Amino acid sequence: MAAPSASARPVLRLLALHGYRQNERSFREKTGALRKILKGRAEIVHITAPLIIPEPGGDVIKDGNSDSSEEEPRGWWFSNPEDNSFNAMDNTEGCSGLDDSFQTVAKAFTELGPFNGILGFSQGAALVAMLCSLMQRGDVRFKFDFAVLVAGFKSRASEHEEYYQQPITVPSLHVYGETDRVIPDHMSQELVLHFEKPVTLTHAGGHFVPASAQQKKC
């Protein structure tokens with residue numbers, strides 16, 4: 001029997017979670033090369049995080065158009081609730097906004113799903129790891145078959161430790177750059193250790209979603 005043609009194969013659907021200070025529009029632009037590679041094989045659906053990142057003075061950052069939120073930088077949680085800021089290096093007791101982000105992702109599953117997999121970048125990848133843990137623990141809001149975590153890291157907030165207590169069995173691909181200065185590779189490697197049978201893909205670059213010929217072969 002002949003193998004099915006590429007057009008006959010089912011198209012995978014991935015929910016994409018952007019990084020800190022990004023949003024749906026900016027991450028869609030940054031994954032343009034990846035979407036081109038996956039055309040006909042996978043559809044990537046982007047959503048925007050619920051938390052608007054304020055300027056240092058406390059004002060919400062705008063793009064100059066008060067009628068549009070497309071350019072507002074967003075985040076999935078703040079490691080410093082006092083000034084609504086985030087640093088992946090922070091060892092903190094508490095944080096804020098994570099429950100709002102869980103609700104946003106759950107709404108996406110309900111209204112835009114179903115999804116075969118979930119793709120996260122940087123803070124979005126850290127959130128994906130938590131979603132894997134929640135799904136594994138029986139949270140029916142989230143249902144997917146695999147996870148792709150690009151430049152991911154383990155949250156250092158003590159209240160997030162619950163998400164790393166048990167090995168995560170969700171099939172996972174972890175991608176990170178050897179010269180990433182935003183999320184150093186050792187932080188991504190630390191997260192990998194919490195997954196069972198993870199697949200890893202490294203590249204020589206920095207903090208971005210790779211889509212070169214070398215990664216395409218993988």
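Just so you know, residue 1 is the first one in the sequence shown, and it goes up from there. Only this structure's heavy atoms are used, side chains among them; waters, hydrogens and symmetry mates stay out. Worth saying up front: this structure is predicted, and the values here are computed from it rather than measured.
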Please enumerate all residues that pass side chain to side chain donor-acceptor pair (under 3.5 Å) together with [X], with sequence neighbours excluded.
X: Ser158; answer: Glu93
X: Asp90; answer: Ser79
X: Ser172; answer: His174
X: Ser101; answer: none

#### Entry: salt bridge (Lys or Arg N to Asp or Glu O under 4.0 Å): pairs with one or both residues in residues 113-122, sequence neighbours excluded
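Not a single pair qualifies under salt bridge (Lys or Arg N to Asp or Glu O under 4.0 Å).
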### Task
Could you name each residue pair satisfying salt bridge (Lys or Arg N to Asp or Glu O under 4.0 Å) that touches residues 175-194, not counting sequence neighbours?
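The answer is none; no pair qualifies.
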My understanding is that only residues two or more places apart in sequence, or in another chain, count here; which of them pass salt bridge (charged side-chain N to carboxylate O under 4.0 Å, His left out) with [X]?
X: Glu196; answer: none
X: Arg137; answer: Glu162
X: Arg13; answer: Glu43
X: Glu29; answer: Arg25

### Pairs touching residues 75-101 that satisfy ring pair (Phe, Tyr, Trp, His ring centres under 6.0 Å), sequence neighbours left out
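Passing the test, one end in residues 75-101: His18-Trp76, Tyr20-Phe86, Trp77-Phe86, Trp77-His160.
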### Task
Name all pairs fulfilling the side-chain hydrogen bond (donor to acceptor under 3.5 Å, both in side chains) condition that reach into residues 104-132, sequence neighbours left out, sorted by first residue then second.
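Pairs touching residues 104-132 that pass the test: Ser122-His207.
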